[in-house]
Structure formats: structure tokens, C-alpha cells
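Worksheet: one structure, shown below.
Just so you know, these numbers use all the heavy atoms, side chains as well, and skip hydrogens, waters and symmetry mates. Model, not experiment: these values are computed from the prediction.
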Amino acid sequence: MLKTIAGMKDILPSEISQWHYVEKICMEVFKNFNYKEIRTPILEMTALFKRGVGETTDIVEKEMYTFEDRDKTSLSLRPEGTAPVVRAYIQNKLFNDQPVTKLYYMGEMYRHERPQKGRYRAFHQIGAEYFGATSPLADAEIISLISEILNRLDIKSYVFYINTIGCQECRPKYKEALKNYFSNHFDNLCEHCQKRLDTNPLRVLDCKNSKCKEIAESSPIIIDYVCDTCKTHHEELIKLVDFIKIPYKIDYRIVRGLDYYVRTTFEVKEEGGILGAQNTILGGGRYNGLVSQLDGPETEAIGFAIGVERLLYLLENISNSEYIDYVVIPLGKEQIDMAFKIATSLRIKGFSVDIDPRSGSLKSQMRWANKLGAKSVILIGENELKNSSYIEKNMETSEQKVCSINDVLN
Ligand code: ATP
Ligand code: MG
């Protein structure tokens with residue numbers, strides 16, 4: 001039997017109402033904050049992610065699904081949404097909608113990771129990018145938007161972890177300090193971090209290895225190194241965040257996995273123990289340089305991405321309130337034509353309707369109608385057909401009434 005690829009799964013009809021629910025709430029919140037949806041292809045040139053995500057990131061180093069097209073161009077399934085959205089922003093000159101452009105996306109991402117709870121090879125992200133605003137207002141707005149999504153989904157026990165990681169001016173000094181610090185613990189770092197020390201020492205702070213984590217706990221912190229601009233930005237953001245009353249902590253070691261971040265970075269973690277080790281629901285931050293690095297105009301932006309699968313774990317008790325308005329039951333083969341006509345008329349009028357295609361026993365037909373959550377059933381028997389009528393039975397009250405076929409068909 002052929003099966004899905006490890007770490008990839010089908011979303012079944014029994015699960016889909018939860019997905020629709022989350023998507024609907026997110027779309028409403030995006031509308032409240034004036035974001036417009038953008039959809040980009042799932043396949044892009046590998047060069048986009050190499051340049052847009054960064055050669056030294058986990059994603060590009062080891063997680064991408066990359067293959068050659070027939071003309072030998074290297075292509076990759078998108079591992080994240082920001083680089084494609086930035087590409088689309090540049091390619092379609094969306095920057096002409098000045099002063100700002102606010103976009104959101106929802107879609108499947110692909111990363112070759114070790115599959116486990118909350119970590120898959122195909123997973124979904126809902127995210128947004130806010131282009132063209134340098135003010136901490138934009139950072140606060142993004143944080144407010146996220147908290148609104150989480151609140152409307154009734155998610156409890158989440159905490160924002162907010163940091164600043166400086167800018168091109170001040171970060172090099174911090175990187176240097178980190179490199180010095182970690183060099184003193186070189187032998188105790190994992191192999192990967194030993195290599196990262198030269199290329200990207202900030203990434204050691206993000207390592208999941210327990211020894212590296214322990215060492216990182218006493219490392220120098222960024223706030224002692226940031227320049228005045230970055231410091232003011234951070235302080236102004238925190239003032240705005242205080243107004244929206246969200247649970248947050250300032251955590252000077254939140255660095256995020258991607259290369260392009262400046263100043264604000266943040267993550268939201270679930271702290272009720274439901275998600276286990278993979279308890280980061282979402283991450284985001286401010287970036288500059290990315291738009292110009294991909295040949296667009298110098299533009300600062302801020303964005304975030306929620307992992308939808310992790311979010312769904314937290315919604316387990318959303319009731320699956322599936323229902324259908326009518327189930328039409330022809331009691332014999334001769335009534336199938338009329339069942340089809342009645343169902344069609346009701347559907348055109350906007351009702352949800354299904355027809356039992358078997359002319360089986362009434363008992364099993366009623367059982368099926370119950371299973372579908374039918375509000376009413378329409379019974380068409382031999383006698384009814386003769387009189388151009390049908391019986392409508394309300395499934396909740398069991399009340400029955402005789403109706404005229406002509407009334408429903410017109
Ligand atoms: P992690 O540290 O858990 O690997 P990340 O830093 O790689 O996360 P991002 O690239 O920031 O994650 O993606 C944002 C969100 O997407 C994460 O917080 C998480 O909820 C979700 N996510 C990332 N990778 C996966 C995956 N393989 N399976 C399911 N969800 C994922
Ligand atoms: Mg990861």
C-alpha cells in the first residue's frame with residue numbers, strides 16, 4: 001500500500017472544521033488590522049532561500065527539499081513564508097502602494113526534519129509581513145494582532161518572549177562577545193555549535209542541545225551591547241505592549257533562526273505543558289536588508305509565522321458542530337427522480353442537502369440522516385408521489401408535516 005511520506009499527513013474530513021475555524025478567526029483578525037492575503041507558489045528557486053533565509057541557518061543547511069528541474073535549475077519546496085512574500089513584494093512592485101504594505105499568508109511549508117510531536121516535514125503556517133514601517137508602532141501592532149488571534153481562539157497559558165537583537169551597527173560587538181564566551185566552553189558545545197561559532201555565534205543561543213542551553217544561560221546578553229537607536233526602539237515597543245495587557249517576558253536570549261532579523265524578535269510559547277518540547281507556537285521579528293538583498297528597494301519590515309499544527313493541539317475541545325439542513329429519502333427506486341429534483345431546488349435556495357442514494361430500509365436511511373446531523377428529513381413514498389407531496393420530518397421535535405412538491409420546486 002502506498003502511504004504519505006514520513007512526517008507528512010492528510011487532513012481528514014473529521015479534522016477540517018477545526019482548520020476552517022482557525023483560518024476564519026485569523027482572516028477576521030487580519031481584516032481588523034487591515035492586512036490583505038497573498039498566495040505564492042509552494043515551489044521557488046533554491047537561490048531565493050539561500051539568499052533570503054541565509055546559508056548558515058538550519059533551514060538552508062539541512063532542512064530543505066531541494067531538487068533539479070528538467071533544465072537543471074535548482075528548486076526548493078518553500079520551508080517558510082517570508083522569503084517568497086518578499087520576492088512577490090519586489091517582483092510585483094507592491095512597494096508602489098506606499099507608505100506601507102500589509103500582507104498575510106496561509107499555507108503548507110516543507111522541512112526535512114526528524115518527525116515528532118509538533119514537528120513535521122509538511123506543516124502549515126499562518127503569517128504576516130508588514131513592510132515600510134520603521135516605528136515600534138508596527139512591532140506593537142503585530143504583537144497586538146497575534147494576541148488577538150490567540151484570545152479569540154481562547155488559547156490560555158501562552159507567554160510572549162520579546163527581545164531586541166540589535167542592528168548591523170551594534171550586533172557585531174555582541175557577536176564578538178558571544179564568540180569569546182563560547183570559545184571558553186568550546187569542548188562542551190555540540191558539534192554543530194562548534195562549527196557555528198565562526199559563522200554565526202548567535203545561533204548557539206537557539207540550540208536545542210541541553211549542554212549548549214546550559215552554557216548559553218550565562219552568556220553575555222545583547223541589551224548590554226545595543227546602540228541607542230535599538231535601545232529606544234525596544235523601550236518604546238515595551239511601552240506600547242504594556243498598553244495591550246498581554247502576558248510577556250523580556251528574554252535577551254531569543255534570537256530566532258534566520259539571519260535577517262534586526263531589533264525586535266519574539267516568540268510565543270505555550271506554558272501549560274500541552275505541547276511538550278515543541279512548545280513554541282510562533283515566532284517573528286523585524287528585518288531589514290532582506291528586501292534590498294533580494295534586489296528590492298531598501299525597506300524595513302516586521303513579520304511573524306504561527307505553526308498551525310501546534311496551535312490546533314491547543315484547541316482540542318472545539319465542538320465538531322457538523323449539521324446538514326435536509327436529508328432527502330426516496331423510499332423506492334421510483335422516487336429517486338423526484339428526490340433529485342427536490343434536493344436540487346433546496347440547494348439552489350441555499351440549504352445544505354444530501355440524498356440517500358440507496359433505496360434501502362427506512363431504518364438505515366434514518367440512521368444515516370442522524371449521523372449527518374440532519375435538521376429535517378424529507379420522505380418521498382409511492383403515495384406521496386401520486387399526490388405531488390412529500391413528508392417533512394423535523395428530527396429534533398419529530399413533528400411531521402405534509403408539503404406540496406410544487407411549492408418547493410417553484
Ligand atoms: P523550532 O525552533 O521549533 O524548530 P523554528 O524556529 O524552526 O522552530 P520558525 O521557522 O520560526 O520555527 O517557524 C515558526 C513556527 O512554525 C514555529 O514556531 C512552529 O510553530 C512552526 N514550525 C516550524 N517548524 C515546524 C515543523 N517542522 N513542524 C511543525 N511546525 C513547525
Ligand atoms: Mg526549526
Side-chain angles (χ1 to χ4, degrees), residues 22-42 44 48 52-53 78 80-109 124-153 160 162 164 233-234 236-241 243-244 246 256 258 260-268 281-308 311:
V22 167
E23 287 161 5
K24 183 176 144 264
I25 298 271
C26 288
M27 282 160 89
E28 284 168 7
V29 176
F30 283 129
K31 171 82 185 146
N32 292 148
F33 284 76
N34 193 28
Y35 282 73
K36 299 260 163 33
E37 186 178 359
I38 185 162
R39 299 185 189 187
T40 63
I42 58 168
E44 297 270 1
L48 172 65
V53 180
R78 64 179 179 202
E80 57 98 53
T82 300
V85 170
V86 171
R87 183 212 31 78
Y89 172 79
I90 299 165
Q91 185 177 340
N92 301 290
K93 300 197 169 57
L94 302 184
F95 44 79
N96 286 336
D97 305 342
Q98 292 293 2
V100 297
T101 309
K102 297 161 82 170
L103 304 172
Y104 76 89
Y105 59 87
M106 306 184 173
E108 196 160 36
M109 308 295 160
H124 294 74
Q125 287 185 337
I126 295 178
E129 313 295 339
Y130 184 162
F131 295 97
T134 51
S135 160
L137 168 83
D139 312 34
E141 204 190 86
I142 286 263
I143 287 174
S144 167
L145 182 154
I146 295 166
S147 74
E148 196 49 36
I149 289 176
L150 298 175
N151 292 345
R152 283 193 207 176
L153 290 173
F160 277 86
I162 304 174
T164 174
H233 187 97
H234 181 65
E236 283 178 5
L237 168 62
I238 295 303
K239 250 192 259 160
L240 293 170
V241 165
F243 173 75
I244 51 179
I246 51 161
R256 312 276 309 120
L258 314 180
Y260 47 63
Y261 287 99
V262 293
R263 293 195 276 285
T264 310
T265 53
F266 59 85
E267 287 184 351
V268 173
I281 314 169
L282 63 93
R286 175 170 283 280
Y287 51 94
N288 65 13
L290 180 57
V291 181
S292 53
Q293 203 173 306
L294 295 174
D295 308 321
E298 199 69 56
T299 308
E300 221 170 289
I302 177 157
F304 73 94
I306 306 178
V308 184
L311 195 62

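With sequence neighbours excluded, the residues that form a side-chain contact (heavy atoms from CB on, under 4.5 Å) with Leu137 are Ser135. Glu236 is linked by a side-chain contact (heavy atoms from CB on, under 4.5 Å) to Pro136, Thr232, counting only residues two or more places apart in sequence or in another chain. Partners of Arg152 according to the side-chain contact (heavy atoms from CB on, under 4.5 Å) rule, which considers only residues two or more places apart in sequence or in another chain, are Ile25, Glu28, Val29, Asn32, Glu148. Judged as a side-chain contact (heavy atoms from CB on, under 4.5 Å), and not counting sequence neighbours, the contacts of Ile42 are Leu77, Arg78, Tyr110. Under the salt bridge (charged side-chain N to carboxylate O under 4.0 Å, His left out) criterion, Glu300 pairs with Arg263, Arg286, sequence neighbours left out.
For the pair Glu298 and Ser292, the tightest heavy-atom approach, listed with the atom from each and the gap, is OE2-OG, 3.6 Å.
Residues Leu94 and Leu103 form a side-chain contact, since some pair of their non-hydrogen atoms from C-beta on lies under 4.5 Å apart. When side chains are defined from C-beta on, Phe33 counts as touching Glu141, because their heavy atoms get closer than 4.5 Å. Looking at Leu145 and Ile149, their side chains come closer than 4.5 Å, going by heavy atoms from C-beta outward. The side-chain heavy atoms of Val53 and Thr82, taken from C-beta on, include no pair separated by under 4.5 Å. The shortest side-chain heavy-atom distance between Ile246 and Ile146 does not fall under the 4.5 Å cut-off. Within the 4.5 Å cutoff, side-chain heavy atoms of Met27 are placed close to those of Tyr104. Inter-residue side-chain proximity for Pro297 and Val291 is flagged as met; some heavy-atom pair is nearer than 4.5 Å. The shortest distance between side-chain heavy atoms of Ile143 and Ser147 does not fall below 4.5 Å.
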Could you go through residues 85-93 and list every donor-acceptor pair under 3.5 Å that involves a side-chain atom there, pairing it with any protein atom two or more places apart or in another chain?
from	atom 1	to	atom 2	distance (Å)
Arg87	NE	Glu44	OE1	2.7
Arg87	NE	Glu44	OE2	3.2
Arg87	NH1	Gln91	OE1	2.7
Arg87	NH2	Glu44	OE2	2.9
Asn92	ND2	Ala88	O	2.8

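Across Thr265, Leu237, Val268, a single residue satisfies side-chain contact (heavy atoms from CB on, under 4.5 Å) together with Ile162, and that is Leu237.
Ring geometry, Phe30 versus Phe304: the interplanar angle falls under 30°, so the pair is classed parallel (tilted spans 30 to 60°).
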